[in-house]
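The residues of the chain are indexed from 1 along the displayed sequence.
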Amino acid sequence: MKVLAGYSYERSNWEQQFCQNNDFTFDNMLWHNIGSGSYLKEGLANMYAGKTESTLVGFFGRVNYNWNNIVMASASLRREGSTKFGKDKKWGNFPAASVAVELANLSFLEPYKDEVQSLKPRVSYGVTGRSDFDSYKSISTYSGAGSYFIDGAWVSGYAPSSNANPELGWEKLKSINIGVDFAIYNRLRGSIEYFDRRSEDLLYNYTAPQPPYVYSSILVNVGTTKNTGIELTLDFDAVRNKNFRWTTGVNYSYGTTKLTKLSSDIYKASYLDLYQKPGVGTTEYFFRVQEGGQIGQFYGYKYAGVDENKNMLVYNQYGDRVLTSEAKPEDKVIIGNGAPKHFLTWNNSFTYRDFDLSFMFSGAFGYKIFNMRKYGMGLQGCGTDNVLRSAYLDDSYIWSGGGVISSFFLENGNYFKLQNVTLGYNVPIKNRKHVQGLRIYLAAKNLFTLTKYSGNDPSTVSSTGITPGVDTNSAYPNATSLALGITFRFK
């Protein structure tokens, strides 16, 4: 049995000062004479400053127990307090526990030692707290709010900029993992695991009832998300002899994330609109998340072809085909999801005498990508001087997309790519008096990607978080890189 106890203390201080002036007679004095610019005299100079402080303390303890390398258990508790939270919720308790049983070390599997080296079922549960948000969100603050003419002079005014919330507390991530680790025939190793991760008491700005609150919104703990899935890891020594060895490994995961709770008895919201579309005067959002719905759902119009003038049509709520200019917000529906359901990596390593070769493939499947490059410059009538070649080839049948979020710009994001390859040679050294090893290698990255997506390399598009699958990258492709190197190992 091993026991650990400790205490942690962390204090964060952030401070900034900014001053700006323009129109200097001489530039060579730089900022050392910033007050000499004419903007200060004309009242056009700019300056601001700010400061925040926060403190995080924690008491923690852990107990590890091992019985004959058969039963392995661990339990821990962390109690943390942060000045960021409300006066009634500053402290949180975060327990964790795990247990595993190595069946291969039990007597009934003794006769099968050559076949089963490890067979270890395990289960774990843990709670962690999150406090990664700005300070002073739990107290009422004031900010500048214009100027007022009082007693013959203009006076800068202040007004409430946030409501106090003494109940503002920790966001909690609760995780359950159930799995089995195994190693058989001295060749195959791996694990299979089911996970259930729930983020509870998520923070969000809700409309505050007035009265009793003064400011229009308030930050409260309400939401809950649920991420479930499975993960499989396998490593296999496919060939293993004196001169040649080949080891291959696969990692696969499947998962979905849902918003299971969005409202409480006091604070209510029927949905969340996320990631506002860039552009002047735009009011559209790429994503809508509803209680019970999946994270990453694209919200827009369903593409319905084109009319005789090559203008885009979409379906309205009654199933009729209408021009995008005639579509209404209530015609929008869920048109896809930007979060991959499946992730896969495949590793291989070969050795033959003094040569070695390794490469890795990676891929993601079961999701959509919104092609912003196609949206902005992929059609003949998109309003730009420069358009993609496809506007006059594959998409020549359509003139305008109407400037709205529609399923026309959603594409299958599935990809499988050769991430990296390394070829090496260990130079035989007879006299190892000073040099223990010499290896020459050639490494390459981003060699090719297999995909039907017409935009950039889909692996560069963010596929995690609450707003996945929007391709806002530049037009420059992912570069292939080659590196030739030599590694010396000296005694």
Side-chain angles (χ1 to χ4, degrees), residues 1-8 58-80 92-130 170-200 224-238 240 247-258 341-347 349 360 362 464:
M1 180 180 292
K2 295 181 179 180
V3 179
L4 171 71
Y7 169 78
S8 64
F59 301 88
F60 55 88
R62 184 176 68 239
V63 178
N64 292 333
Y65 177 74
N66 186 322
W67 180 70
N68 292 334
N69 289 324
I70 295 176
V71 178
M72 289 144 281
S74 177
S76 65
L77 176 64
R78 186 175 184 95
R79 178 169 173 79
E80 287 187 315
N93 297 317
F94 308 109
S98 63
V99 62
V101 180
E102 182 54 89
L103 300 179
N105 292 335
L106 293 175
S107 57
F108 78 94
L109 282 179
E110 279 288 335
Y112 306 98
K113 277 292 185 183
D114 293 336
E115 290 83 8
V116 181
Q117 288 74 52
S118 177
L119 183 60
K120 184 167 63 176
R122 53 182 168 79
V123 60
S124 64
Y125 170 81
V127 182
T128 57
R130 293 196 292 248
W170 291 83
E171 291 183 324
K172 300 181 183 68
L173 174 62
K174 298 181 178 180
S175 301
I176 298 176
N177 294 73
I178 302 173
V180 178
D181 301 329
F182 56 87
I184 57 178
Y185 296 104
N186 285 309
R187 282 181 178 268
L188 180 62
R189 302 164 298 280
S191 66
I192 183 169
E193 180 178 290
Y194 167 80
F195 58 85
D196 185 327
R197 301 163 186 159
R198 305 190 183 198
S199 296
E200 299 181 351
T224 299
T225 62
K226 179 180 179 181
N227 173 234
T228 57
I230 59 171
E231 185 169 357
L232 173 67
T233 301
L234 293 174
D235 287 297
F236 180 56
D237 296 330
R240 187 175 57 194
T247 299
T248 183
V250 172
N251 181 271
Y252 166 78
S253 66
Y254 165 83
T256 58
T257 303
K258 291 185 177 181
K341 291 184 177 180
H342 311 272
F343 289 94
L344 176 69
T345 59
W346 179 32
N347 293 283
S349 63
M360 183 186 76
S362 64
T464 58

Problem - Evaluation steps, side-chain contact (heavy atoms from CB on, under 4.5 Å), between Val250 and Leu344 - result: CA-CA 7 Å; Val250 172; Leu344 176 69; 3.6 Å; yes
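Using a 4.5 Å cut-off on side-chain heavy atoms (C-beta onward), Lys120 and Phe182 make no contact. Counting only heavy atoms from C-beta outward, the side chains of Lys226 and Thr257 never approach each other to under 4.5 Å. Under the 4.5 Å side-chain criterion, counting only non-hydrogen atoms from C-beta, Ile178 is in contact with Ile176. Side-chain contact between Tyr194 and Thr228 is present, with heavy atoms from C-beta onward closer than 4.5 Å. Looking at heavy atoms from C-beta onward, Lys2 lies out of side-chain contact with Val63 at the 4.5 angstrom threshold.
Residue pairs satisfying the ring pair (Phe, Tyr, Trp, His ring centres under 6.0 Å) criterion with at least one member in residues 58-77, sequence neighbours excluded, are listed as follows: Tyr7-Phe59.
Summarising the geometry, atom CG belonging to Asn66 is positioned 11.5 Å from atom OG belonging to Ser74; distances are rounded to the nearest 0.5 Å. In this structure, the separation between CG on Leu234 and CG on Asn347 is 12.0 Å, given to the nearest 0.5 Å. Atom CD1 of Ile192 sits about 5.5 Å away from atom CD1 of Ile230, to the nearest 0.5 Å. Distance check, rounded to the nearest 0.5 Å: CZ of Arg197 to OG of Ser199 gives 10.0 Å. Between atom NZ of residue Lys174 and atom CG of residue Asp196 there is a gap of 11.5 Å, rounded to the nearest 0.5 Å. Interatomic distance, Leu77 CG to Arg62 CZ, rounded to the nearest 0.5 Å: 12.5 Å.
Applying the salt bridge (Lys or Arg N to Asp or Glu O under 4.0 Å) rule to Lys341 yields no partners; only residues at least two apart in sequence or on another chain are considered. Evaluation of the side chain to side chain donor-acceptor pair (under 3.5 Å) rule for Thr224 yields no partner, not counting sequence neighbours. Under the rule for a salt bridge (Lys or Arg N to Asp or Glu O under 4.0 Å), the partners of Glu171 that lie at least two apart in sequence or sit in another chain are Arg130. Lys172 meets the salt bridge (Lys or Arg N to Asp or Glu O under 4.0 Å) test with Asp201; sequence neighbours excluded. Residues that satisfy the ring pair (Phe, Tyr, Trp, His ring centres under 6.0 Å) test with Tyr185, not counting sequence neighbours, are absent from this structure. In this structure, the side chain to side chain donor-acceptor pair (under 3.5 Å) partners of Ser8, at least two apart in sequence or on a different chain, are Arg78. Take Ser253 and apply the side chain to side chain donor-acceptor pair (under 3.5 Å) test, not counting sequence neighbours, and it matches no residue. When the salt bridge (Lys or Arg N to Asp or Glu O under 4.0 Å) test is applied to Arg122, the partners found at least two apart in sequence or on another chain are Asp181, Glu193. Under the rule for a side chain to side chain contact (heavy atoms under 4.5 Å, CB included), the partners of Arg187 that lie at least two apart in sequence or sit in another chain are Phe236, Asp237, Arg240. Listed by chain and number, the residues in a ring pair (Phe, Tyr, Trp, His ring centres under 6.0 Å) with Phe94 are Trp170 (sequence neighbours excluded).
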Per-pair distances, 0.1 Å, donor-acceptor, side chain in residues 96-111, under 3.5 Å, sequence neighbours excluded:
residue : atom : partner : partner atom : Å
Glu102  : OE1  : Ser118  : OG           : 2.8
Glu102  : OE2  : Ala104  : N            : 3.3
Glu102  : OE2  : Leu119  : N            : 2.8
Asn105  : OD1  : Lys113  : NZ           : 3.3
Asn105  : ND2  : Asn69   : O            : 2.7

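The 12-atom threshold is not exceeded at OH of Tyr112, counting heavy atoms of other residues, nucleotides or ligands nearer than 6.0 Å.
A donor atom on one side chain and an acceptor atom on the other are found under 3.5 Å apart for Asn251 and Thr233.
Within the 3.5 Å criterion, the main-chain N or O of Thr256 finds a donor-acceptor partner in the side chain of Asn227.
In terms of heavy atoms, Pro95 sits closest to Asn93 at CD-O, 3.5 Å.
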